[in-house]
Engineer: 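What follows is a structure written as C-alpha cells; I'll ask about it next.
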Amino acid sequence: MDTAWFLGTLDKEGQLLATAAEEAGVDAVVPTCPGWRIRDLLRHTGVVHRWAAGFVAEGHTAPRPMGEEPALDGPELVAWYRESHRRLVDTLAGAAPDVECFTFLPGAPSALAFWARRQAHETAVHRFDAESARGGAPTPVGPDFAVDGIDELLRGFHARRKSRVRSETPRVLRVRVTDADAVWTVRVSQDPPVTVRGAGGEADGDVECELSGPAEQLYLALWNRVPVPGVSGDPALAELWRETSAVL
C-alpha cells in the first residue's frame with residue numbers, strides 16, 4: 001500500500017472538490033446526495049477531514065465523535081473547507097510512518113496508510129458529488145485507484161458487523177471489473193458478507209449474480225453514485241445489494 005500515492009491523490013482530489021464547490025456555489029443541489037446542497041457537502045467533508053487529522057496528530061487510540069459543523073456559508077465556508085483539507089494533508093505528510101492511532105477497517109499495514117487511503121477515497125467520492133452539482137464532465141478516476149476503492153469497500157466496510165447486506169439464505173455475488181484484472185466473490189448470509197479477491201473457489205454456476213463494468217463506473221456505482229453498469233443473473237440479489245449496501 002503506497003501511502004505517498006494516496007496522499008498525492010488526497011491532495012489533488014480535495015483541491016478539485018473545493019474548486020468545483022466554488023464554481024457551483026454553496027446553494028447548488030448535489031444530485032448524487034439527495035437532500036444535500038454544496039454547503040452540506042463542504043461542512044460534512046471538512047468535519048471528516050479534521051476528525052481524521054485529529055487521530056493522527058494527537059495519537060488518539062479510541063473512537064471519538066466528530067466535531068460540530070461550522071455555521072459558515074458562502075466564500076467563508078469554501079475557505080474553511082480548503083483549510084480543513086490542507087490541515088489533513090499536512091498532518092498525514094508530516095506524521096511518523098509508525099504513528100499509532102485509531103483505525104476502523106481491517107487490512108491496512110499501518111495507521112498512517114489507513115488514514116491516507118480512507119481519506120483519499122472519501123474525498124474522491126465527494127469530489128465527484130461536487131462536480132455533479134457544478135455540471136460538466138467529471139474528473140476521471142484512474143482504474144488502479146478505482147479498483148483499490150472497490151476492494152476497500154468490499155473487504156473493509158462490508159467486513160464489519162455494521163454492514164446491512166444480509167440474507168437469510170446464503171447467496172453468492174460476484175463483482176468484476178471489465179477493464180482491469182480484478183474480481184471479487186462476495187458470500188452473503190445472515191452474518192456480515194465475506195469477500196475474497198478472485199473467484200473464491202466458486203464455479204460460475206454457483207454465482208447467482210454478477211455486477212460488472214469498467215473500474216471507474218463500478219467504483220462510483222458501488223458507492224451509490226451512478227447505476228451499476230452491468231448486472232447479470234438474479235436481479236433480486238442485485239437489488240438486495242442496492243438497497244442495503246449504503247455505508248451509513
Engineer: Go through it in stages, so that I can follow the logic: the residues are Val125 and Arg225, the test is side-chain contact (heavy atoms from CB on, under 4.5 Å), and I'd like the CA-CA distance, side-chain angles, deciding distance and then a yes or no.
Structural biologist: CA-CA 8 Å; Val125 171; Arg225 263 51 186 190; 3.4 Å; yes
Engineer: A quick test of your reading: do over 12 heavy atoms of other residues, nucleotides or ligands sit less than 6.0 Å from CD of Glu243?
Structural biologist: yes
Engineer: How would you list, by chain and number, every residue that makes a side-chain contact (heavy atoms from CB on, under 4.5 Å) with Ser167, sequence neighbours excluded?
Structural biologist: Thr169, Arg171, Val188, Leu240
Engineer: Would you name the heavy atoms of Ala53 and Thr91 that are closest together and state the gap between them?
Structural biologist: O-CG2, 3.7 Å
Engineer: Would you be so kind as to tabulate the donor-acceptor pairs closer than 3.5 Å made by side chains of residues 97-111, with sequence neighbours excluded?
Structural biologist:
{"unit_1": "Ser110", "atom_1": "OG", "unit_2": "Ala113", "atom_2": "N", "d": "3.0"}

Engineer: Taking the side chain as C-beta and beyond, is there a heavy-atom pair between Arg43 and Pro70 under 4.5 Å?
Structural biologist: yes
Engineer: Can you see which heavy atom on Ala238 is nearest to which on Val231, and at what distance?
Structural biologist: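 Answer, listing the atom of Ala238 first, then Val231: CB-CG1, 3.6 Å.
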Engineer: State yes or no: do Val29 and Leu42 share one hydrophobic cluster built from I, L, V, M, F, W and Y residues joined by side-chain heavy-atom distances below 4.5 Å, directly or via other members?
Structural biologist: no
Engineer: Donor-acceptor check, side chain of Arg39 to backbone of Val78, threshold 3.5 angstrom: yes or no?
Structural biologist: no
Engineer: How long is the span from the CG atom in Asp73 to the CD1 atom in Ile38, to the nearest 0.5 Å?
Structural biologist: 11.5 Å
Engineer: Please name all residues satisfying side-chain contact (heavy atoms from CB on, under 4.5 Å) with Pro229, sequence neighbours left out, ordered by chain then number.
Structural biologist: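 With neighbours one apart ignored, the set is Pro214, Gln217, Leu218, Ala221.
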Engineer: Taking all non-hydrogen atoms of both residues into account, name the closest pair between Ala95 and Leu112 and its distance.
Structural biologist: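 Answer, listing the atom of Ala95 first, then Leu112: CB-CD1, 3.9 Å.
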Engineer: Are the side chains of Cys209 and Leu211 in contact, using a 4.5 Å heavy-atom criterion?
Structural biologist: yes
Engineer: Starting at CD of Glu210, measure out to OG1 of Thr185 and round the result to the nearest 0.5 Å.
Structural biologist: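 Atom-to-atom, Glu210:CD and Thr185:OG1 are 9.0 Å apart.
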Engineer: Could you tell me whether Glu122 and Arg117 make a salt bridge, using a distance below 4.0 angstrom between a side-chain N and a carboxylate O?
Structural biologist: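 No, Glu122 and Arg117 are not salt-bridged.
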Engineer: Would Leu10 and Val89 count as a side-chain contact (heavy atoms from CB on, under 4.5 Å) here? Give the steps.
Structural biologist: CA-CA 7 Å; Leu10 168 61; Val89 172; 3.9 Å; yes
Engineer: Checking Ser132 now: which residues fulfil side-chain contact (heavy atoms from CB on, under 4.5 Å) with it, not counting sequence neighbours?
Structural biologist: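 Per chain and number, Ser132 pairs via side-chain contact (heavy atoms from CB on, under 4.5 Å) with Pro31, Thr32, Phe128.
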Engineer: For the residue pair Glu152 and Phe157, establish whether any side-chain heavy-atom pair is separated by less than 4.5 Å.
Structural biologist: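 A side-chain contact exists here, since the closest heavy-atom pair is under 4.5 Å.
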Engineer: Quick one: list whatever passes ring pair (Phe, Tyr, Trp, His ring centres under 6.0 Å) with His158, sequence neighbours left out.
Structural biologist: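 His158 satisfies ring pair (Phe, Tyr, Trp, His ring centres under 6.0 Å) with Trp241 once adjacent residues are dropped.
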Engineer: Measuring from Glu22:CD to Leu77:CG, what's the distance to the nearest 0.5 Å?
Structural biologist: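 Spacing of CD (Glu22) from CG (Leu77) equals 11.0 Å.
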Engineer: Atom CH2 of Trp184 and atom CZ of Arg155: how far apart are they, to the nearest 0.5 Å?
Structural biologist: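 One finds 9.0 Å between CH2 of Trp184 and CZ of Arg155.
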Engineer: If you take all heavy atoms of Val47 and Trp80, which pair is closest and at what distance?
Structural biologist: N-CH2, 3.5 Å
Engineer: Spell out, yes or no, whether Val183 and Val147 are grouped together once hydrophobic residues are joined by side-chain heavy atoms under 4.5 Å, including indirect joins.
Structural biologist: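 Not linked; separate clusters.
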Engineer: Taking the side chain as every heavy atom from C-beta outward, state whether Lys162 and Pro192 have any atom pair closer than 4.5 Å.
Structural biologist: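 Sidechains of Pro192 and Lys162: no contact.
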Engineer: Would a distance-only check, ignoring hydrogens and angles, find a side-chain to backbone donor-acceptor pair under 3.5 Å from Thr9 to Ala120?
Structural biologist: no
Engineer: Backbone N or O of Arg87 within a donor-acceptor pair of the Asp90 side chain at under 3.5 Å?
Structural biologist: no
Engineer: Looking only at atom types and distance, does a side-chain atom of Glu208 sit under 3.5 Å from a main-chain N or O of Val172, one as donor and one as acceptor?
Structural biologist: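 Between the backbone of Val172 and the side chain of Glu208 there is a qualifying donor-acceptor contact (under 3.5 Å).
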Engineer: With sequence neighbours excluded, what pairs up with Trp51 under the ring pair (Phe, Tyr, Trp, His ring centres under 6.0 Å) test?
Structural biologist: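 Once residues adjacent in sequence are excluded, the partners of Trp51 under the ring pair (Phe, Tyr, Trp, His ring centres under 6.0 Å) criterion are Phe55, Trp115.
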Engineer: Are any of the side-chain heavy atoms of Phe6 and Gln119 separated by less than 4.5 Å?
Structural biologist: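 Of all side-chain heavy-atom pairs linking Gln119 with Phe6, none is under 4.5 Å.
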Engineer: Should Leu16 and Leu92 be counted in the same cluster of Ile, Leu, Val, Met, Phe, Trp and Tyr side chains packed under 4.5 Å apart?
Structural biologist: no
Engineer: If you measure from CG on Asp40 to CG on Asp129, what distance do you get to the nearest 0.5 Å?
Structural biologist: 11.5 Å
Engineer: List in chain and number order the residues that pass ring pair (Phe, Tyr, Trp, His ring centres under 6.0 Å) with His49, two or more places apart in sequence or in another chain; answer none if no residue qualifies.
Structural biologist: Tyr81, His85
Engineer: Given Asp11 and Arg86, is the side-chain contact (heavy atoms from CB on, under 4.5 Å) satisfied, shown in steps?
Structural biologist: CA-CA 8 Å; Asp11 194 357; Arg86 179 47 46 196; 2.7 Å; yes
Engineer: So which pairs with a foot in residues 21-48 pass ring-ring contact (aromatic ring centres under 6.0 Å, His included), sequence neighbours left out?
Structural biologist: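 Matches after skipping sequence neighbours: Trp36-His44, His44-His126.
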Engineer: With rounding to the nearest 0.5 Å, note down the distance linking OG1 in Thr139 to NZ in Lys12.
Structural biologist: 7.5 Å
Engineer: Could I get the full list of side-chain hydrogen bond (donor to acceptor under 3.5 Å, both in side chains) partners for Arg242, not counting sequence neighbours?
Structural biologist: Glu239
Engineer: With a 3.5 Å distance limit and no angle check, can you tell me whether Arg82 reaches the backbone of Gly14 through a side-chain donor-acceptor pair?
Structural biologist: no
Engineer: Which salt bridge (Lys or Arg N to Asp or Glu O under 4.0 Å) pairs, counting each pair once, include a residue from residues 133-144, with sequence neighbours left out?
Structural biologist: Glu23-Arg134
Engineer: Begin from the C-alpha positions of Val207 and Leu173 and carry the test side-chain contact (heavy atoms from CB on, under 4.5 Å) through to its verdict.
Structural biologist: CA-CA 6 Å; Val207 177; Leu173 174 72; over 6 Å; no
Engineer: Are Arg50 and Glu69 within salt-bridge range, i.e. N to O under 4.0 Å?
Structural biologist: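 So Arg50 does not pair with Glu69 through a salt bridge.
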Engineer: Answer yes or no: is there a side-chain heavy-atom contact under 4.5 Å between Tyr219 and His121?
Structural biologist: yes
Engineer: Listing request: all side-chain hydrogen bond (donor to acceptor under 3.5 Å, both in side chains) pairs with a residue in residues 189-199, at least two apart in sequence or in separate chains.
Structural biologist: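 Listed by first then second residue: Asp151-Arg197.
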Engineer: Answer yes or no: is there a side-chain heavy-atom contact under 4.5 Å between Val186 and Val194?
Structural biologist: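 Counting from C-beta outward, Val186 and Val194 never come under 4.5 Å.
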Engineer: Could you pull out the closest heavy-atom pair between Ala20 and Glu131, with the gap in Å?
Structural biologist: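 Smallest interatomic distance, heavy atoms only, reads CB-CG, 3.7 Å.
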Engineer: Apply side-chain contact (heavy atoms from CB on, under 4.5 Å) to Pro143 and list each qualifying residue two or more places apart in sequence or on a separate chain.
Structural biologist: Ala215
Engineer: Less than 4.5 Å apart, side chain to side chain, heavy atoms only: is that true for Asn224 and Ser245?
Structural biologist: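 They are in side-chain contact.
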